[in-house]
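What follows is a set of notes on a single structure, which appears directly below.
So that the names make sense, note that chain A is the first sequence line, chain B the second, and so on, each numbered from 1.
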Amino acid sequence: MPSGDYDPEATERKWQERWVDENTYDYDDAAVDGDTVFSIDSPPPTVSGSLHWGHVYGFTLQDFVARFERMRGENVFFPFGYDDNGIASERLTEGELDIQHQDYERREFQQLCREVCAEYESEFTEKMQALGISIDWDHTYRTIEPRVQRASQLSFIELYEQGREYRQRAPAIWCPECETAISQVETEDDEQPSHFHDLEFEVTDSEDSFIISTTRPELLPACVAVFVHPDDDDNQHLVGEEATIPLFGQSVPIIADDRVDMETGSGIVMCCTFGDQNDIEWYQAHDLDLRIAIDESGTLTEEADEYAGLDRDEAREAIVSDLDDAGYLLDRRAITHVVNVHERCGTSVEFLVTEQWYIKLLDKTDEYLEAGRQMEWFPEKMFTRYKNWIEGLQWDWSISRQRSSGIPFPVWYCAECDHEVIADKENLPVDPLSDDPPVDACSECGHDEFVAEDDVFDTWATSSLTPLINAGWDWDAESEEYGMEHPEIYPFDVRPQGHDIISFWLFHTVVKCYEHTGEVPFDSVMINGMVLDENRVKMSKSLGNIVSPDEVLEKYPVDAARYWAAGSAVGDDLPYNEKGIVAGEKLLRKLWNASKLVDSLTPDERLDQPDLKAIDRWLLAEMDDTIRFVTEKLEAREFSKARDHLRSFFWHTFCDDYLEIAKERDDESAAYTLQTAHRRFLKLFAPFLAHITEELWRELYDETSIHNTDWPEPLGLDADHEAGETAMAVVGALRKYKSDAQLSLNAAIDTVEVYGNVAGFEADIQRVMHVDSLTMLDEEPEIESVVTGIDLDYSVVGPEYGSQVPEIEAGLEADEYELGDDSLSVAGIELDSEMFEVDRERRYTGEGEMLEADDAIVIVQN
RNA sequence: GGGCUCGUGGUCUAGUUGGUUAUGACGCGGCCUUUACAAGGCUGAGGUCGGUGGUUCGAAUCCGCCCGAGCCCA
């Protein structure tokens, strides 16, 4: 029996442990029918440290859905994945063990990663369980585990066999210090001192010359074009000519392009392969030559003639000095500018042409867009981001990464003819660095030596397979077909995720799964916003505004935080708000206390439905409306609307109105209604307040978990809603009367007369307000009414009279109107009764005091 | 710089198709010990809807521009 104050700390921990021990959220592995399975595919969180608010918020929203669908009879598949196959985990390992990945053999380093990650994973597990998320902990995966490596390599092979992958030499961002390609997200801006060099370029076969300012004269040997802005009138005459590069002598075209920054230097710019991102764009847009002057280690190549072999800094000094001697250097001045550096070592990056694997995207963007359209989006507006992303795609997807930790490409190349040798599907996963290729000799040239591909997949190439990993997608060597261990969960019912990863994670997942199965992997996508700080600014270390979930959850119940998380429109950003959590805590207290009262007013055994009194029918019928509303809003993932309506109905209608009356009664009808309503409230609150509802349910009603009970259906009782509303308004008016008269609420009132429809509620009003004598009036009491104004119904008057409305308003304002029986004459216009309402002040002229309660009139004599 | 989103009383929010006095909660003031809850109940004050210009009889709601915030992309 609930007694005393609610103790969330002990209660929440108890249920979190029991839910795990009792496998409360087990997916029924014997399930075969996709229609009764509700499957969730969450993007696995990166294993790189601690839990943040984004996790709490995102997973809590998913949990609302999981619990709601489970109670509606769905067999819920809610797995959990740990993403430990990323650069983040690699760094975590290096940091924890104070090592460098280059110093280890790949499998060795990966083993260390797994050991370090295991600790963080178990910490993550504990925290997720401490949030009460209803995950089935028997269904988990790690993105680096062999099963996932196998799926990733299978995916590569199938797409390769479909002809959707190709290998090409293309520019990549390169760190000359670490000697690896890196992704753009691994670079950062750094402000560094440098020099602008004004160099004189000669126009080929002409006396003409012009000036280019550059910070990187060492790139002159790589120069392949010179660009002028189309609006640059002063230099327009150069377009179409060729320029001769100082010292190196090659002739390059002079081209007009609006990507030139006219404000910097002379407004004329050289394009080198490659100095920056712009050079890459120009190289591709204008089909320019490729001149590689800097190699993997930042050393100049043969293209640089006599400077070959110098590193880029030495080369710069040497070239500048020679330019000066030859008279090409007109000026040299110190500046500071922002350069792209590798975030880890601070070395400025180069753009290098390397062999990379690509997945084709551009040829099928229409299909991928249509796939996105087939999913239901919560909220709908987020589809636009997906759409814009696809429509703006300009590159295929490069999936090669030159890193130590990651899933290897299952590929070898013939040492003689470079022919690609792909691993056998049944042998996956393989690591070409330590495993042998599946053939003894090249099928093309017969050569018997092979070079292992030492690149690994982009982590998104794996992360984009989570639906297939969850469904147990694999290749069956016997039937020679791809299949799934759990086909009933695919496509997934919902993909929950933040709006920050729509363009790459969601998009790549749709593409991959669509290509592998021919089906869109998700029926719906539920997008959550970002958690901001209390001032709506994002939390970041540099701003020092981070609030950790750990410290908050030490102070407040998890259910209170869940209540806060439910306070947002899906897709909107949510500010962290301690007051919102406090409000949740208050609701828990209210629910606990009301439950104690209900318990004291009802017998232990479940009652059969007796003949119900009017007020009981009314409460249960009102509750039906709430059930319909909450169900509808949860279906639409409008959590805050469901939460707020439910809270308001529970607090005000049930506790303030109904319970106050019911606690004065002692009859079967009241007891049945209290029990029924209370059971239903617990169920309706269960998806939100998972712990306290479980505690109350098991204490009061049943041995088994509330989370595995059925979601309530409307009872469909007939009730006089209007009389109930009016009766509650009468009680409210009498409370206000007592409050105004500074009477205590249980003070007696001599006589109350009511004019209005409160049929069936008379005894309830009388009892709860301690009225000695309550009588109903058949006729309106002696009332004098004074017209105080006319209210127009603009939705009727507006369309009808349009621009005449101001005249009508002016007439009413000036009291220049005539009121008929059901018409109004003003400004020469006759208005029908449905176009206006007369505002009256009613004055009671009899004995006692008149109160107005909605449509009812209440006369009090005391 | 581009795309998308958000901006409502001190704080967090409701306000689908434009219609009169803009919803609720937290906080604040006043009153009230009622058979759970004073961390409760009743009640009151507080906003003209980021700014600005427009469309309209009428705009928080539609359109333009500007400002601030968030995400992604450059």
Under 4.0 Å, heavy atoms only, any strand: does [X] hit a base, just the sugar-phosphate, or nothing?
{"X": "A:E664", "result": "base"}
{"X": "A:W389", "result": "sugar-phosphate"}
{"X": "A:K381", "result": "sugar-phosphate"}
{"X": "A:S648", "result": "nothing"}
{"X": "A:L532", "result": "sugar-phosphate"}

Pair A:F685 + A:F650: ring centers closer than 6.0 Å: yes

Sub-6.0 Å ring centroid separation between A:F64 and A:F688: yes

Inter- and intrachain pairs under salt bridge (charged side-chain N to carboxylate O under 4.0 Å, His left out), touching residues 376-386 of chain A, at least two apart: A:K381-A:D572

Salt bridge (charged side-chain N to carboxylate O under 4.0 Å, His left out) contacts in which one or both residues fall within residues 573-584 of chain A, not counting sequence neighbours: A:K555-A:E578

Separation of atom [atom1] in [X] from atom [atom2] in [N], rounded to whole Å:
{"X": "A:Q766", "N": "B:rU34", "atom1": "CD", "atom2": "P", "result": "20 Å"}
{"X": "A:Y57", "N": "B:rG70", "atom1": "OH", "atom2": "P", "result": "16 Å"}
{"X": "A:D500", "N": "B:rG3", "atom1": "CG", "atom2": "C1'", "result": "16 Å"}
{"X": "A:M835", "N": "B:rG58", "atom1": "CE", "atom2": "C1'", "result": "16 Å"}

Minimum-distance nucleotide (side-chain atoms of A:K641 versus B:rU20, B:rC57, B:rA14): B:rA14

Selected nucleotide, minimal atom distance to A:T384 side chain, candidates B:rC57, B:rC4, B:rC71: B:rC4

Partner of A:V858 by side-chain contact (heavy atoms from CB on, under 4.5 Å), out of A:V731, A:I765, A:L774, A:V730: A:V730

Selection residues 559-601 of chain A - residue pairs positive for ring-ring contact (aromatic ring centres under 6.0 Å, His included), sequence neighbours left out: A:Y6-A:W592, A:W53-A:W564, A:W53-A:Y576

Other residues, nucleotides, ligands: >12 heavy atoms within 6.0 Å of A:E699 CD: yes

Pairing residues for A:F274 by the ring pair (Phe, Tyr, Trp, His ring centres under 6.0 Å) criterion, not counting sequence neighbours: A:Y283

Would you tabulate the nitrogen or oxygen pairs shorter than 3.5 Å linking the protein to nucleotides 41-51 of chain B?
| unit_1 | atom_1 | unit_2 | atom_2 | d |
| --- | --- | --- | --- | --- |
| B:rG41 | OP1 | A:W651 | NE1 | 2.2 |

Nucleic acid contacts of residues 574-587 of chain A, taken as heavy-atom distances under 4.0 Å to RNA chain B: A:P575, A:N577, A:K579, A:K586

